[in-house]
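Worksheet: the structure to be examined is printed underneath.
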Amino acid sequence: MAVKLAVGPSSTSLGVSLAQKLGIETIGVTCRHFPDGETYVRLEEAAKGDELILVQSLCSPQAENLMILLQMASAARGLGVRSIVAVVPYMAYSRQDRRFLPGEALTAELIARNLEACGVSRIFIVEPHSEESLSFFSVPCHPVLPAKDTAEFLRNRGDCVVVAPDEKRLPDAKDLATRLSVDFGWIEKSRDRATGSVTAKIGSVPRTSPVAVLFDDMISSGGTIVKAAELLRSAGFERIEAGCVHGLFAHEAEQKMTEAGVSFIFASDTIESKFTRYSVAQSVAESVKKEFP
Ligand code: R5P
């Protein structure tokens, strides 16, 4: 019996780093498209009785990357592996963890049910959107909070004030600021559920540095960061940086943030892109070793 790791196509860099940190071998994964667009997945080498870790981020195209993860799990089950552990660096559809409006789908539950139906028996999710989104799993589900990796990356960037662009993210900003020995603040944000439009005002932001680093769990349209950056500029900050764990950067997010005065954008490798500046592999490896020795 051996523990092996299968790297999905959306997590090639993080998957390999994780295998190296865990000191385990990766198995071959064939992934391609049929002419009509359907995905084909084949796992090589995993043997009956092996324990297999699948690493696949559910970033864009979310539905396709989810389907590939489900196919990887189905393929592993077909090979008779002993257990299937999924490491999901970015868990899509988790923002819909409640029915905010009547008639909406509960997508966080939908994903959990499908992963379990395909044989996933344990799951690690990096920086999950909410506790509610994890509550739909009946198999062991471990959140991986990569604050240590984020702080390590920011440590070399000098003095700053860490700002949560949303009061809900204040504990993260406080934790990050504490690790960096700098001050922290927050913006009060509210979002119209029907239109998606965001309104914001400064909650409390100390002016102990000319540099503000906005840090969120994810940046999607960039709307949250744009509002916060405009407020920080009006408050007199000379340089504004913005980062997140999950960099979705949809539509014209980069351009909008740049126009709002953000001069540096960074994200982790839970979604691999040109904005990826640091890896969460160390935090994931530590969590896997602890929960799945
Ligand atoms: C919201 O709860 C999240 O923490 C993020 O602030 C939000 O998802 C960012 O989205 P956007 O970039 O579209 O404003």
Side-chain angles (χ1 to χ4, degrees), residues 6-15 18 29 31-34 36-41 53-76 84-101 103-120 123-137 139 141 143-144 146 191 193 196 216-225 244-254 256 265 267-276 280 284:
V7 179
S10 62
S11 290
T12 49
S13 171
L14 177 56
L18 180 60
V29 179
C31 185
R32 58 181 167 79
H33 289 90
F34 286 105
D36 63 357
E38 287 183 1
T39 50
Y40 168 89
V41 171
I53 300 174
L54 312 176
V55 187
Q56 166 80 342
S57 181
L58 303 188
C59 52
S60 177
Q62 294 88 339
E64 178 169 302
N65 282 327
L66 170 64
M67 185 60 191
I68 291 170
L69 178 58
L70 296 174
Q71 286 176 283
M72 289 168 79
S74 167
I84 303 170
V85 175
V87 171
V88 181
Y90 168 66
M91 176 58 87
Y93 289 107
S94 55
R95 280 172 283 186
Q96 202 70 36
D97 57 8
R98 283 193 282 144
R99 298 185 206 275
F100 297 98
L101 297 173
E104 290 180 342
L106 200 49
T107 56
E109 180 192 44
L110 191 58
I111 302 259
R113 289 288 81 77
N114 277 283
L115 288 172
E116 290 178 7
C118 288
V120 170
I123 186 158
F124 292 84
I125 300 173
V126 181
E127 195 72 45
H129 177 63
S130 63
E131 284 193 14
E132 288 84 352
S133 66
L134 305 183
S135 68
F136 300 111
F137 286 93
V139 298
C141 178
V144 179
R191 187 186 288 270
R193 284 281 160 206
D216 209 342
D217 61 336
M218 67 175 79
I219 298 176
S220 178
S221 69
T224 302
I225 294 295
C244 58
V245 178
H246 308 304
L248 288 103
F249 304 114
H251 307 301
E252 306 297 319
E254 178 185 13
K256 285 189 279 180
I265 301 169
S268 82
D269 58 355
T270 60
I271 296 175
E272 297 173 11
S273 78
K274 68 172 186 175
F275 300 102
T276 297
V280 298
V284 178

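A quick note: this is a predicted structure, and the numbers were derived from the prediction, not measured.
Other residues, nucleotides and ligands contribute more than 12 heavy atoms inside 6.0 Å of the CZ atom of Arg113. The local environment of CD in Glu252 is sparse, with at most 12 non-hydrogen atoms from other residues, nucleotides or ligands closer than 6.0 Å.
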Working for side chain to side chain contact (heavy atoms under 4.5 Å, CB included), residues Asn114 and Leu110: CA-CA 6 Å; Asn114 277 283; Leu110 191 58; 4.0 Å; yes
Side chain to side chain contact (heavy atoms under 4.5 Å, CB included) evaluation trace for Cys31 with Ile68: CA-CA 8 Å; Cys31 185; Ile68 291 170; 3.8 Å; yes
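Looking only at side-chain heavy atoms (C-beta outward), Phe136 and Ser94 stay at 4.5 Å or farther from each other. Using a 4.5 Å heavy-atom threshold, the side chains of Thr224 and Ile219 count as separate. Between Val126 and Val144 the shortest side-chain heavy-atom distance falls below 4.5 Å. In this structure the side chain of Ile125 reaches within 4.5 angstrom of the side chain of Cys141, judged on heavy atoms. With contacts defined as side-chain heavy-atom distances shorter than 4.5 Å, the pair Glu127/Val280 does not qualify.
The nearest pair of heavy atoms linking Ala73 to Ile84 is O-CD1, 3.4 Å. Taking all atoms of both residues into account, the shortest heavy-atom contact from Glu104 to Phe100 is OE1-N, 2.9 Å. The heavy-atom pair separating Val120 from Ala86 by the smallest distance is CG1-CB, 3.8 Å. Closest heavy-atom contact between Met72 and Val7: CE-C, 4.1 Å. Taking every heavy atom of both residues into account, Ser220 and Ala253 meet most closely at O-CB, 3.5 Å.
Note that OG1 of Thr107 is 9.5 Å distant from CZ of Arg99, once rounded to the nearest 0.5 Å. The line from CD1 of Ile123 to CG of Leu134 is 9.0 Å long, rounded to the nearest 0.5 Å. Taking CG from Asp97 and CD from Glu131, the interatomic distance works out to 11.0 Å, rounded to the nearest 0.5 Å. Taken from CD in Gln96 to NE2 in His129, the straight-line distance is 9.5 Å, to the nearest 0.5 Å. Tyr90 contributes atom OH, which lies 12.0 Å from atom OG of Ser10 (distance to the nearest 0.5 angstrom). Here the straight-line distance linking atom OG of Ser60 with atom CG of Leu58 works out to 11.5 Å at 0.5 Å rounding.
A search for ring-ring contact (aromatic ring centres under 6.0 Å, His included) contacts involving Tyr93 returns nothing, not counting sequence neighbours. The side-chain contact (heavy atoms from CB on, under 4.5 Å) check on Glu272 picks up Ser11, Thr12, Ser13, Leu14, Asp269, with sequence neighbours excluded. Residues passing the ring-ring contact (aromatic ring centres under 6.0 Å, His included) test with Phe34 are Tyr40, sequence neighbours excluded. In this structure Phe137 satisfies the ring-ring contact (aromatic ring centres under 6.0 Å, His included) test with no other residue, sequence neighbours excluded. For the side-chain contact (heavy atoms from CB on, under 4.5 Å) test, residues two or more places apart in sequence or in another chain that qualify with Ala75 are Leu43.
Tested against His246 for a side-chain hydrogen bond (donor to acceptor under 3.5 Å, both in side chains), the candidates Thr270, Asp216, Asp217 yield a single pass: Thr270.
Here the side chain of Glu116 pairs a donor or acceptor atom with the backbone of Val139 at under 3.5 angstrom. Checked by atom type and distance alone, the side chain of Thr276 pairs as donor or acceptor with a backbone atom of Ile271 at under 3.5 Å.
For residues 61-74, the pairs satisfying side-chain hydrogen bond (donor to acceptor under 3.5 Å, both in side chains) are His33-Glu64, Thr39-Gln71, Gln56-Asn65, with sequence neighbours left out.
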